[in-house]
Enquirer: 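My structure is below; once you've seen it, I'll send some questions.
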2 protein chains.
Amino acid sequence: MPDTTTIRDTVRDTVRGAGRSSGKGAETRERILDAALESFGTIGYDGTSLDDLAAGLGIRKQTILYHYVSKRGLLGAVVDRSAADLNVALLEVLEGEATDWERVEALVRSVFRVALEQPLLMGLLREVSRPGSPAAPRLKGAMGPLMDRAQAWMEREMDAGRMRRTDAQLVLISAYSTVVGLATEIEVLRAAGLEPTMRTVATRRRELLRFLRASLDPQR
Amino acid sequence: MPDTTTIRDTVRDTVRGAGRSSGKGAETRERILDAALESFGTIGYDGTSLDDLAAGLGIRKQTILYHYVSKRGLLGAVVDRSAADLNVALLEVLEGEATDWERVEALVRSVFRVALEQPLLMGLLREVSRPGSPAAPRLKGAMGPLMDRAQAWMEREMDAGRMRRTDAQLVLISAYSTVVGLATEIEVLRAAGLEPTMRTVATRRRELLRFLRASLDPQR
DNA sequence: CCTTCTTTCTACCAGATGGTCAGGGGACTT
DNA sequence: AAGTCCCCTGACCATCTGGTAGAAAGAAGG
């Protein structure tokens with residue numbers, strides 16, 4: 001599985017009927033993806049059985065296997081779609097007009113917005129960013145290019161003196177794990193019987209921004 | 001499974017031969033626990049098969065089931081031992097002479113020390129703090145009293161005006177998820193080909209302390 | 001030598017899981 | 001009406017799973 005493989009291409013490997021997006025099956029495929037995201041993100045990949053997944057959809061397991069060739073293929077498709085969602089949100093910012101620190105702040109806000117709107121996505125990230133996860137390489141393939149791009153941009157900013165010189169990759173990983181940690185936090189909150197509020201998320205975001213500012217802002 | 005059940009008691013329920021700690025089996029039990037902690041903490045509970053676990057130890061699966069009655073019993077024993085490790089580290093501080101903010105700082109340092117020495121333990125926490133995990137109630141039973149104690153202490157400090165008045169439980173959960181997030185971060189670092197250094201961990205610790213200070217310190 | 005207890009193993013099982021295969025029905029084309 | 005393609009399903013299967021039953025091996029003690 002070469003690193004140069006694009007997202008679309010890998011999707012085509014595991015999704016029967018990619019290329020045509022119309023037809024009756026398209027809706028089914030989406031419904032399967034939704035349910036799979038929910039299941040993978042909560043009870044995990046290993047904990048998800050295709051039979052249960054299908055039953056929840058009023059469908060037979062074979063239908064799932066028809067659209068996504070195997071269970072791993074399904075996971076791959078879920079990861080790809082989720083990564084694509086993130087990519088859209090991030091590219092919007094990256095192609096915006098914000099510069100320097102403003103852009104960093106916009107990126108963080110963008111990611112947190114996605115995390116709030118799709119908490120399941122964070123659960124999936126957590127599940128999948130585990131070493132030995134069947135989708136770890138897949139995630140790397142889907143998110144890697146974006147990470148590389150962000151890192152390259154940061155290093156350019158550093159060269160231009162608009163950012164403090166630090167290890168860009170380290171900062172990125174730190175930010176990434178903070179966001180993923182949100183999933184844990186939200187779930188722990190729920191387990192403790194508290195409904196997560198905007199406040200807890202905002203607190204985390206403020207913390208992350210402070211950390212980034214301390215790491216990157218050239219003045220202090 | 002009543003909340004008042006002590007850790008020792010629940011261990012006795014699931015471990016054959018508790019009470020005698022000598023004998024040939026004691027070493028085997030420990031080896032099994034070590035391997036199980038590693039496996040649960042990395043590939044997860046569902047992803048762990050007793051056969052593989054046993055094979056890795058040069059042992060038959062039935063030997064595991066002899067010592068720990070069931071797979072869940074094994075998980076319970078792992079969680080209990082890990083929680084006990086954490087408890088020891090924390091009680092040391094709680095019974096120390098540090099007061100007020102110093103005590104908070106000492107607690108954080110203590111937890112991070114454990115996290116560094118036993119990164120697998122963090123992986124287990126992450127795995128187990130997932131909703132629907134078979135060990136979620138077990139974890140709650142093992143860690144809950146400590147959390148309650150910490151919360152009660154914080155509220156006493158608040159009443160005495162030595163701590164700023166905030167939602168103690170929320171602060172605790174935030175701190176907890178930060179520590180657990182360390183596991184994610186360390187693993188992502190490894191996945192990126194970087195060996196986690198003291199520096200990354202120290203950065204996180206500093207962040208957490210700053211957050212706690214901002215939340216709790218009465219002056220500012 | 002016999003008994004008892006602990007520890008480990010061989011043999012086996014019922015259930016669940018991911019996956020294969022062949023077929024059926026509907027819609028659209030020719 | 002016949003062929004074709006897409007979508008879905010029932011029947012089936014190999015494998016793996018956690019778990020049970022029973023026995024062998026060794027140590028300890030009488």
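A quick note: this is a predicted structure, and the numbers were derived from the prediction, not measured. Quick note on labels: first sequence line is chain A, next is B, and so on, each numbered from 1.
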Enquirer: Just to confirm, is there a sub-4.0 Å distance from OP1 or OP2 of D/dC8 to any side-chain nitrogen or oxygen of A/Tyr66?
Expert: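 For D/dC8, OP1/OP2 do not have a side-chain N/O of A/Tyr66 under 4.0 Å.
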Enquirer: Does D/dC8 have OP1 or OP2 sitting under 4.0 Å from an N or O in the side chain of A/His67?
Expert: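 So the side-chain polar atoms of A/His67 do come within 4.0 Å of the phosphate oxygens OP1 or OP2 of D/dC8, strictly under.
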Enquirer: Would you verify whether the NZ or CZ of A/Lys61 falls within 45 degrees of the ring axis of A/Tyr66 while also being under 6.0 Å from that six-membered ring's centre?
Expert: no
Enquirer: Among C/dG19, D/dG19, C/dT17, which nucleotide has an atom closest to any side-chain atom of A/Asp51?
Expert: C/dT17
Enquirer: Without hydrogens or angle criteria, can the side chains of A/Arg204 and B/Ser174 be said to hold a donor-acceptor pair below 3.5 Å?
Expert: yes
Enquirer: Relative to the 5' end of DNA chain C, which residue comes earlier, B/Thr28 or B/Gln62, by the nucleotide with the nearest heavy atom?
Expert: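 Nearer the 5' end of the strand: B/Thr28.
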Enquirer: Can A/Glu105 and A/Arg109 be counted as an ion pair, charged N to O under 4.0 angstrom?
Expert: yes
Enquirer: Should B/Leu194 and A/Ile173 be marked as a side chain to side chain contact (heavy atoms under 4.5 Å, CB included) after you check the CA-CA gap, both sets of side-chain angles, and the distance that decides it?
Expert: CA-CA 11 Å; B/Leu194 303 167; A/Ile173 287 176; 4.2 Å; yes
Enquirer: When the distance from CD1 of A/Ile43 to P of C/dT17 is rounded to whole Å, what number comes out?
Expert: 10 Å
Enquirer: Give the rounded distance in Å between these two atoms: CZ of A/Phe40 and P of C/dG18.
Expert: 9 Å
Enquirer: How long is the line joining CG of B/Leu65 and P of C/dC9, in whole Å?
Expert: 12 Å
Enquirer: Given C/dT17, is OP1 or OP2 found less than 4.0 Å from the side-chain N or O atoms of A/Ser49?
Expert: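 Looking at the OP1 and OP2 atoms of C/dT17, one of them is under 4.0 Å from a side-chain N or O of A/Ser49.
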Enquirer: How many whole angstroms separate atom CG of B/Asp52 from atom P of D/dT15?
Expert: 16 Å
Enquirer: Find the distance A/Glu27:CD to D/dC8:C1' and express it as a whole number of Å.
Expert: 14 Å
Enquirer: Could you state the CG-P distance from A/Asp46 to D/dC16, rounded to the nearest angstrom?
Expert: 15 Å
Enquirer: What heavy-atom pair brings B/Tyr45 and B/Arg72 nearest, and what distance separates the two atoms?
Expert: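 So the two residues come closest at OH-CG, 3.1 Å.
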Enquirer: Using a cut-off of 4.0 Å on non-hydrogen atoms, how would the nucleic acid contact of A/Thr63 be classed: base, sugar-phosphate, or nothing?
Expert: base
Enquirer: Select from B/Arg60 and A/Lys71 the residue whose nearest nucleotide in DNA chain C is closer to the 5' end of that strand.
Expert: B/Arg60
Enquirer: Whole angstroms only, please: what is the CD1-P distance between B/Ile59 and C/dC9?
Expert: 6 Å
Enquirer: Figure out the CD1/P separation between B/Ile64 and C/dT7, and round it to whole Å.
Expert: 15 Å
